[in-house]
Amino acid sequence: MMLKHWLSALLVSLLPLSVAVAKEDFAVQDAKTRLEGGVYLLDAEVDYRFSSKALDALENGVPLVLVLDIEVEKKRPWWWYDSEVASLEQRFEVQYHALSDQYLLSNLNSGALYAYPTLSSTADAVGDIRSLPLLDANLIEPDATYEVQLRSRLDIEALPLPLRPLAYVLPGWRLSSEWYACALTP
């Protein structure tokens, strides 16, 4: 009987911890493709929920690099491996500028720089992916089936060197979404 009470107390004490961990992660909410002008384009929504450790680092001047990994695969029969057609990596840097009290968002692929008044508006901007070119339609076989997979993650390797060992061992730094799949449709 005592063991039952002890286990119940342990479960109740761990419940808030599991709820807190669930709120601090990235999630791809939606993704769709379309064919426009001979190029496949991607529209996606990514929800960025930063951990308190990542937020503390950001507020103290540490830039965070967010990576959007995208893979296009040709689907094959179940007994054979799928074939990778294209692989893309979109990189964004979020930085807090204390002097202007703004968040700076840099697209590291294009060099574009944007300023936002809040972290929430910055996260919304980086999570709203519109008309991202994936690949040329000439690379697609007309009778084959293709799938686009994407995920978002915090790049631990882009953190300052003294912070990396902690980021590898502390769960608050391993921020990543699950892979999200959608069909490559014309």
To the closest 0.5 Å, what do you measure between [atom1] ([X]) and [atom2] ([Y])?
{"X": "Leu154", "Y": "Ser51", "atom1": "CG", "atom2": "OG", "result": "8.0 Å"}
{"X": "Gln90", "Y": "Ile70", "atom1": "CD", "atom2": "CD1", "result": "6.0 Å"}
{"X": "Arg174", "Y": "Ile156", "atom1": "CZ", "atom2": "CD1", "result": "7.0 Å"}
{"X": "Glu93", "Y": "Gln95", "atom1": "CD", "atom2": "CD", "result": "5.0 Å"}
{"X": "Lys53", "Y": "Trp173", "atom1": "NZ", "atom2": "CH2", "result": "9.0 Å"}
{"X": "Cys182", "Y": "Leu150", "atom1": "SG", "atom2": "CG", "result": "6.5 Å"}

Check: Can Tyr114 and Thr122 be said to form a side-chain contact (heavy atoms from CB on, under 4.5 Å), step by step?
Finding: CA-CA 9 Å; Tyr114 307 95; Thr122 307; over 6 Å; no
If Ile, Leu, Val, Met, Phe, Trp and Tyr residues are connected whenever their side-chain heavy atoms lie under 4.5 Å apart, and connections chain through other members, are [X] and [Y] in the same group?
{"X": "Val39", "Y": "Ile140", "result": "no"}
{"X": "Leu108", "Y": "Val62", "result": "no"}
{"X": "Phe92", "Y": "Leu55", "result": "yes"}
{"X": "Leu119", "Y": "Leu105", "result": "yes"}
{"X": "Leu66", "Y": "Leu163", "result": "yes"}

Margin query: Is it true that, when you exclude Gln29 itself, more than 12 heavy atoms of the residues, nucleotides or ligands shown sit nearer than 6.0 Å to its CD?
Written below: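 Yes, CD of Gln29 has more than 12 neighbouring heavy atoms, counting only those of other groups under 6.0 Å.
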Next item on the list: Run through Leu139, Leu88, Leu41 and flag the one making a side-chain contact (heavy atoms from CB on, under 4.5 Å) with Leu134.
Entry: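 So the option named by the test is Leu88.
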What are the two closest non-hydrogen atoms of [X] and [Y], and how far apart are they?
{"X": "Ile129", "Y": "Leu132", "value": "CG2-CB, 3.9 Å"}
{"X": "Ala167", "Y": "Leu159", "value": "CB-CD1, 3.6 Å"}
{"X": "Leu175", "Y": "Ala54", "value": "CD1-CB, 4.2 Å"}
{"X": "Tyr48", "Y": "Ser152", "value": "OH-OG, 2.8 Å"}
{"X": "Tyr116", "Y": "Ser121", "value": "CB-OG, 3.4 Å"}
{"X": "Asn109", "Y": "Glu89", "value": "ND2-O, 3.0 Å"}

Check: Relative to each other, are the rings of Phe26 and Phe50 parallel, tilted or perpendicular (30° and 60° limits)?
Finding: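 Perpendicular.
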Taking [X] for its side chain and [Y] for its backbone only, find out whether a donor-acceptor pair lies under 3.5 Å.
{"X": "Asp128", "Y": "Asp124", "value": "no"}
{"X": "Asp43", "Y": "Ser131", "value": "yes"}
{"X": "Tyr146", "Y": "Glu141", "value": "yes"}
{"X": "Arg49", "Y": "Asp25", "value": "yes"}

Margin query: I'd like to know whether Asp101 forms a side-chain hydrogen bond (donor to acceptor under 3.5 Å, both in side chains) with Tyr96, so could you lay out the CA-CA distance, the side-chain angles of the two residues, the decisive distance to 0.1 Å, and finally the verdict.
Written below: CA-CA 7 Å; Asp101 193 29; Tyr96 177 65; 2.5 Å; yes
Note to self: Any salt bridge linking Arg151 with Glu71? Criterion: basic side-chain nitrogen under 4.0 Å from a carboxylate oxygen.
What the structure shows: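 Between Glu71 and Arg151 there is no salt bridge, as every charged N stays at least 4.0 Å from the carboxylate O atoms.
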